[in-house]
There are 2 protein chains.
Amino acid sequence: MPVPPPLQRSRIFDGLTDAEREQWLGRATRVTLKRGETLARQGEPARHFYLVETGFLKVLQLTVEGTELIVRFVGAGEPFGGVVALGNAPYPVTATATQPSVMRAWTRESLATLLAATPQVSVNIMREMAAHMTDALTRVRELTTARVGPRLAQTLLRLARQCGERHPEGVLISQPLTRQEFADLTGTTLYTVSRTLTKWETMGLLQTRQRLVLLRSLPRLEEIAGSDED
Amino acid sequence: MPVPPPLQRSRIFDGLTDAEREQWLGRATRVTLKRGETLARQGEPARHFYLVETGFLKVLQLTVEGTELIVRFVGAGEPFGGVVALGNAPYPVTATATQPSVMRAWTRESLATLLAATPQVSVNIMREMAAHMTDALTRVRELTTARVGPRLAQTLLRLARQCGERHPEGVLISQPLTRQEFADLTGTTLYTVSRTLTKWETMGLLQTRQRLVLLRSLPRLEEIAGSDED
DNA sequence: CGGCGGATTGAGCCAGTTCAAGTGAAGTGG
DNA sequence: CCACTTCACTTGAACTGGCTCAATCCGCCG
């Protein structure tokens, strides 16, 4: 069986030989998720390590009071649950499929065995974690300093990086997101998002059609993101 | 030579035999820092992995514009630079001693060798990272939802956990911090911090003397931290 | 068609920022 | 030992970004 392309390219397997990659994939089981199904629930024991083969996950953190924080999105080739599956901590977040998705899953035991054989993968997992850490700190810094405008611009640019698709007239954010979700990601209200996006649309910076956003001028958005005005 | 107590207890060495611990410490060099000296600078190649033997580090992230974010404090027994020393990424943060400090340092090469011998340590390092990740996400969530009062209370409680000292009348935050630093940690201004702390002082929740803060009622601070009022 | 989830837009308001002035404690150098 | 500077903190007063609430609109689906 040929290895599916998105998994071939996964940065998790950087530095491995094809044989080693095969060895990993051979030990994995397949999990399919319908749109809206939950892969892992915050607080449950972390029994598996996952890699997205196709589809998209939304990672949430919930508070005791019920407010939720969108932590990140996980696309094809990206891992989920790497750290916790090794220790025996529960999942610190909830992961839900935002579209029909196929995952590869490894049990804690397989993971431990495979990591012992190919320790390079733990370095790769740590690198991913470090990147997420940097992202989280960037969000903290933005929230403490920047105004809403620049923050929203940053959010759009980050999403473009995470799930952007080339498009004749710019970059399309391929995930359909509601104004509320943009607001959650940016740390504001859906009203302010609506007003700001409308303003930018009239300025020709972007275009929205329903829940999709097409960025038409990355440079000007970057300019806004870096300034302290909007 | 006996192993110094703070390193004995370090969670980084959880699950290791005494012999393995000795093996780690035997490969480490000692670095001493004066107050204000910088151990690692953001952007420089990460050549070492460190463990604090005595003292205290302040970890900062700097933006291109020069604003700085206090990421966390690192006390005795805690590691610094764990992830990046494995990949070959540069340090994503700057670490400065806030008091005279002694560090244990391992080169990338030693680290790789030792981790191969005692893989449990990588699990421990990942666990630390996961904890920091959770902290960062908690900060993000607070910044997007909570008012200043609860956030400041959370900051005080977090500091108490990170560097609190038992004291006859409560818990003393052992690090001297300016109002500006509290403001940076909380995501507000030094003026608001000053006003809020003054108010809480008159309510008997805490006491400040110069740059030190003594928390006199953790339960009431937790109550404020969890509410959406102040 | 009506119902429903999402988006827009207007108006008012307030938490918290900003600016400004003043106090006090800790250095520093003559 | 005392003037002078510096740094941290407090407090008052005014301003405002963006939140809140409410009304309305739009597109989709059964």
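Please read these numbers as outputs of a predicted model, since none were measured by experiment. Proteins get letters first, then strands, A, B, ... in listed order; numbering begins at 1 in each.
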Self-check item: Nucleic acid contacts - residues 184-194 of chain A versus DNA chain C, non-hydrogen atoms under 4.0 Å
Solution: Leu190(A), Tyr191(A), Ser194(A)

Practice problem: For the pair Thr144(B) (side chain) and Arg141(B) (backbone), establish whether a donor and an acceptor sit closer than 3.5 Å, ignoring hydrogens and angles. | Solution: yes

Quiz item: When the distance from NZ of Lys199(B) to C1' of dC9(D) is rounded to whole Å, what number comes out?
Solution: 18 Å

Quiz item: Whole Å only: how far is the CZ atom of Arg195(B) from the P atom of dG16(C)?
Solution: 11 Å

Quiz item: Taking only side-chain nitrogens and oxygens of Arg211(A), does any of them come within less than 4.0 Å of OP1 or OP2 of dG6(C)?
Solution: no

Quiz item: Once you round it to whole Å, what is the distance between P of dC19(D) and CG of Leu143(B)?
Solution: 13 Å

Self-check item: Polar side-chain contact Arg209(A)-dG27(D) base: donor and acceptor under 3.5 Å
Solution: no

Quiz item: With Phe80(A), which of Trp106(A), Phe49(A), Tyr91(A) fulfils ring-ring contact (aromatic ring centres under 6.0 Å, His included)?
Solution: Tyr91(A)

Self-check item: Closest to side chain of Arg147(B), choosing from dG18(D), dT20(D), dA7(C)
Solution: dT20(D)

Practice problem: Would you sort out whether Gln175(A) and Gln162(A) count as a side chain to side chain contact (heavy atoms under 4.5 Å, CB included), showing the intermediate values? | Solution: CA-CA 10 Å; Gln175(A) 279 298 301; Gln162(A) 284 178 17; over 6 Å; no

Self-check item: Bend angle of the helix from dC1(C)-dG30(D) to dG30(C)-dC1(D), end axes from five pairs each (to 10°)
Solution: 30°

Quiz item: For the pair made of CG in Leu177(B) and C1' in dC7(D), what is the distance, rounded to whole Å?
Solution: 16 Å

Quiz prompt | Residue-phosphate contact under 4.0 Å: Arg179(B) side-chain N/O, dT10(D) OP1/OP2 | solution = yes

Quiz item: Any sub-3.5 Å donor-acceptor pair from Arg179(A)'s side-chain atoms to Val193(A)'s backbone N or O?
Solution: no

Quiz item: CZ of Phe182(A) versus P of dG18(D): gap in Å, rounded?
Solution: 18 Å

Quiz prompt | Glu142(B)/Arg158(B) salt bridge by N-O under 4.0 Å criterion | solution = yes

Practice problem: Give, for atom CZ of Phe56(B) and atom CD of Glu78(B), the distance between the pair rounded to the nearest 0.5 Å. | Solution: 7.0 Å

Quiz item: Rounded to whole angstroms, how far apart are CG on Leu152(B) and P on dT17(C)?
Solution: 11 Å

Practice problem: Compare the minimum distances between each of dA7(C), dA15(C), dA8(D) and the side chain of Thr178(B), then state the nucleotide with the smallest one. | Solution: dA8(D)

Quiz prompt | Whether Ser10(B) side chain and Ile12(B) backbone form a donor-acceptor pair below 3.5 Å | solution = yes

Quiz prompt | Interatomic spacing from OG1 in Thr155(B) to CD in Glu181(B) - rounded to 0.5 Å | solution = 12.5 Å

Exercise. Would you give the length of the straight line joining atom CG of Leu190(A) to atom CG of Leu197(A), rounded to the nearest 0.5 angstrom?
Key: 11.0 Å

Quiz item: Does a side-chain N or O from Gln210(B) land closer than 4.0 Å to OP1 or OP2 of dA26(C), or not?
Solution: yes

Quiz item: Quick one: Glu181(A) CD to dG5(C) P, roughly how many Å, whole number?
Solution: 15 Å

